[in-house]
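First the structure, in the form of structure tokens, and then the observations on it.
Here is how names work: the chains are called A, B, and so on, in the same order as the sequence lines, proteins then strands, and each is numbered from 1.
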There are 2 protein chains.
Amino acid sequence: MDQDLKAYFAKTLAEVSIDCVIFGFHAGELKVLLLRWKETDGWSLPGGRIFKEESLNAAAVRILQERTGLTEIFLHQYYTFGDTNRNTHFTEMELLERLEGFFGKGIFDELLHNRVVSVGYFALVEFALVQATPDWFTDECRWWNIADVPNLLFDHNDMITSALQALRQQIRNQPIGYDLLPEKFTMPELQKLYETILDKQFDRRNFQKLLMSYDILEKLDEKRVGVANKSPFLYRFDKQKYEKAIHSGISFSM
Amino acid sequence: MDQDLKAYFAKTLAEVSIDCVIFGFHAGELKVLLLRWKETDGWSLPGGRIFKEESLNAAAVRILQERTGLTEIFLHQYYTFGDTNRNTHFTEMELLERLEGFFGKGIFDELLHNRVVSVGYFALVEFALVQATPDWFTDECRWWNIADVPNLLFDHNDMITSALQALRQQIRNQPIGYDLLPEKFTMPELQKLYETILDKQFDRRNFQKLLMSYDILEKLDEKRVGVANKSPFLYRFDKQKYEKAIHSGISFSM
DNA sequence: TATCATTGTGTAAAATTTACGCATTGATAT
DNA sequence: ATATCAATGCGTAAATTTTACACAATGATA
């Protein structure tokens, strides 16, 4: 296994890597996918190295696929992190020593002491479709509520903070939801998604009017059944019009 | 000189570099600063390598300083370009061969055949203050009207295109002008800047009302003299309020 | 069968954006 | 010296968008 890793290192770039903030939405909460490093309680974002013959975007797609099993997902490059101390500055010494002990000095140095620039992507995925899968360095891969994210390894807390800012920028100028929600959803569910991302409440009547004005939603004849009180109608995105709105841009002004 | 270059290569990252789109505004035209490579008619963006102990942002500031002489400038990281063929794909073979002939195979390979990821920044500078200075690889450094930019080396035309998109995004959500205009300017000059960047005409009365509503401009008692017809008043940005508006954000909705 | 939280639909007020009028200015032409 | 004229300063009304809120309908639960 150590040999495989050496070969992997040899075939990939040493000074640039990729980290991904994978957003999901479930039970009215915004979540991110995190990995726990083997034999430690240190968590980090999903990430990986770039093959020498592989484009940046292709590498990001591959990493996403490896961690979630998904291939068709929204992926957006939002910032490149290039501080010289980003490997270690935000991580406690004790945890670094534990990692060094477990992985051995060779791997540890290559991975954590080299100066590496990391390109940040964020992804929007449908929660229910994700098969969370750890990588070689990690034991566990699972969702965390955005509000409950612990202190992470490296500069990954910063990465999440600025990914959330980028997502908020995104939601104000482009339709969002096709990638985060199941195919059919109710208007209150869509509203809750917007409210969660922007951390802001909206009047449901005005929200519905604004969203419908974008002409990207299709109201279905079905209603959600078995839910408390009055059954809400189901909606679905019109993929064609949705794509068009992504290109022309919208303005979510609430 | 070749020794210096080797030492420079040894002290800098090999897989990541920086390229900067430096915007200026003069005589009602938006301009970018370009460099002509020695003994060729191939033009490129200002760029450079990153010292191993230098953060990405510090390297960008240094490169800006080296090309313009300016230290206090608006600088914004907007995208990282990571296609595998970005070195050569958009450049004619003939020109590449001329560069190889002039610089020698060693330098050429290091510079143009290695796979390099480039972090794109754009800068906004005051045209009159710039001391355009070529670097080791180039003979000439001068302004080009954005509309007249020729076919550039590497993927640099793409870089300008997406930098302009990022600038347009910027101008709609943040005040712009402090970095591009001289200290004192007239309302029509400010309007022309907005119109040039967004490639769109505005009603001058509505433009003035909107800009004044941001509460970042200070109307002076002076007028611009010696200009045709009625002399317009001079304005200046209130730096304090301008900074505050950058943080809170504005919405340029015209 | 009554209750009640939630949803569906609509309307009026407030705020913002857009369109445009008119007097003033000061260099230029006569 | 004076008339001309394009550009500027300042303002108002219409159109549109955003915001606030009213009320009936629904369907699970008590």
Whether B/Lys200 side chain and B/Met254 backbone form a donor-acceptor pair below 3.5 Å:
yes

I'd like to know if B/Glu29 and B/Lys31 make a salt bridge, using a cut-off of under 4.0 Å between side-chain N and carboxylate O.
no

Result of checking B/Leu198, B/Leu193, B/Leu124 against B/Ile171 for side chain to side chain contact (heavy atoms under 4.5 Å, CB included):
B/Leu198

How many Å lie between CG on B/Leu210 and P on C/dT16, as a whole number?
11 Å

Quick check against the 3.5 Å criterion: does B/Arg36 have a side-chain atom that pairs as donor or acceptor with the backbone of B/Thr40?
yes

Chain A footprint on DNA chain D, 5' to 3' - any atom under 4.0 Å from a heavy atom:
D/dT18 to D/dA28

Taking only nitrogen or oxygen atoms into account, show me every contact under 3.5 Å that the protein makes with nucleotides 26-28 of chain C, one pair per line with its distance.
{"from": "C/dG26", "atom 1": "N2", "to": "B/Asn229", "atom 2": "OD1", "distance (Å)": "3.4"}

Parallel, tilted or perpendicular: which one describes the rings of B/Tyr79 and B/Phe81, with boundaries at 30° and 60°?
perpendicular

First encountered from the 5' end of DNA chain C, between A/Leu234 and B/Ser251:
A/Leu234

Which part of the nucleic acid does A/Ser253 contact within heavy-atom distance under 4.0 Å: base, sugar-phosphate only, or nothing?
sugar-phosphate

Using the ring centroid of each side chain, check whether A/Tyr78 and A/His76 are separated by less than 6.0 Å.
no

Could you tell me if the ring centre of A/Tyr194 sits under 6.0 Å from that of A/Phe25?
no

Can you classify the ring geometry of B/Tyr242 versus B/Tyr178 as parallel (below 30°), tilted (30 to 60°) or perpendicular (above 60°)?
tilted

Which residues in residues 189-209 of chain A have a heavy atom closer than 4.0 Å to any atom of DNA chain C?
A/Arg204, A/Arg205, A/Lys209

Take the angle between the ring planes of A/Phe74 and A/Phe122 and call it parallel below 30°, perpendicular above 60°, tilted in between.
tilted

B/Phe202 ring center near B/Phe252 ring center (under 6.0 Å):
yes

